[in-house]
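Report on the structure given below.
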Amino acid sequence: MAGEDTRPVVRISDQEREAAVARLNTAVADGRLTWPEHNDRLAKAYAARTAAELAPVLADLGKPAPPAQRVVAVGSKIQRAMEPGRVEVKAVFGAVILDLSGLSGDIEVEVVANAFCGKVIITVPGDATVLDEGSAVLGKRALPGATATPGPRVRITGRSTLSKLAVLRG
């Protein structure tokens, strides 16, 4: 018949189903779903066998957040230019140098910087607003002063233990 869809139906994997459940859990935690809605959609997600059955369960939740970018330096030095999004940094007896100087516009980047006997250096654009919500234990966190112009926002969390975290303007 004309207009009939003849594409084969592809079944979803357990991993795809669990990713959908994780999105539903995040949505209820963010307040985008009520608990009764969450329970209803959860049952539908676990019952889904194809992508077509799973799609309506997630349709109004928007796109999933991109996975975090990770940089780990153990007894070494790593330099990276990073894309906007969430960045997780770990420096143990090593150094991580992040270049965020290419950021522009009204975007926010979250950097989770954890260091033990290490160093994390982050270069941000000249017009960036830097918010430090992290902590230091026998360590040092050096950040630039505030800016008056709107630009990208860099939110830094994490813990510096016997370590140094420095933010430089590029």
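Within a 6.0 Å sphere centred on CD of Gln15, heavy atoms belonging to other residues, nucleotides or ligands number 12 at most. Counting heavy atoms of neighbouring residues, nucleotides and ligands inside a 6.0 Å radius, atom CD of Glu108 exceeds 12 of them.
Looking at Arg41, its side chain never comes within 3.5 Å of a backbone N or O of Leu58 through a donor-acceptor pair. No donor-acceptor pair under 3.5 Å is formed between the side chain of Glu18 and the backbone N or O of Asp14. Looking at Arg169, its side chain does come within 3.5 Å of a backbone N or O of Ala128 through a donor-acceptor pair. Ser160 places no side-chain N or O within 3.5 Å of a backbone atom of Ser163 that could act as its donor or acceptor partner. Proximity of a side-chain donor or acceptor of Asn114 to a complementary backbone N or O of Arg159 within less than 3.5 Å is detected. Distance alone, capped at 3.5 Å, places no donor-acceptor pair between the Arg86 side chain and the Pro67 backbone.
The closest side-chain heavy-atom distance from Phe93 to Val74 is not below 4.5 Å. Contact of the His38 side chain with the Asn25 side chain is registered, since non-hydrogen atoms from C-beta on lie closer than 4.5 Å. Proximity of Val21 to Leu42: side-chain heavy atoms (C-beta onward) are separated by under 4.5 Å at one or more points. Within the 4.5 Å cutoff, side-chain heavy atoms of Leu61 are placed close to those of Leu33.
Applying the salt bridge (Lys or Arg N to Asp or Glu O under 4.0 Å) criterion to Arg32, with sequence neighbours excluded, gives Asp30. Taking Arg23 as the reference, nothing meets the side chain to side chain donor-acceptor pair (under 3.5 Å) condition, with sequence neighbours excluded.
If you take CD on Gln79 and OG1 on Thr123, they are separated by 9.0 Å, rounding to the nearest 0.5 Å. Atom CZ of Arg17 sits about 8.0 Å away from atom CG of Leu54, to the nearest 0.5 Å.
Taking the charged nitrogens against the carboxylate oxygens, Arg153 and Asp106 do have a contact shorter than 4.0 Å, which makes a salt bridge.
Clustering ILVMFWY residues whenever any of their side-chain heavy atoms sit less than 4.5 angstrom apart, transitively, puts Leu24 in the very cluster that holds Tyr46. Both Val87 and Ile107 belong to a single network of hydrophobic side chains, linked directly or stepwise wherever heavy atoms of I, L, V, M, F, W or Y lie under 4.5 Å apart. A chain of hydrophobic side-chain contacts below 4.5 Å, direct or via other Ile, Leu, Val, Met, Phe, Trp or Tyr residues, connects Leu103 to Met82. Taking hydrophobic clusters as Ile, Leu, Val, Met, Phe, Trp and Tyr residues chained together by side-chain heavy-atom distances below 4.5 Å, Val112 does not share a cluster with Leu143. Placement of Ile78 and Val167 within a single hydrophobic cluster is found when ILVMFWY residues are connected by side-chain heavy-atom separations under 4.5 Å, directly or transitively.
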Discussion item. For a salt bridge (Lys or Arg N to Asp or Glu O under 4.0 Å) check, start with the C-alpha distance between Glu110 and Arg155, then their side-chain angles and the critical distance, and finish with the verdict.
Written reply: CA-CA 5 Å; Glu110 179 184 5; Arg155 181 177 309 277; over 6 Å; no
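Ala95 and Ala73 make their closest contact through O-CB, 3.5 Å (heavy atoms, listed as atom of the first residue, atom of the second, distance).
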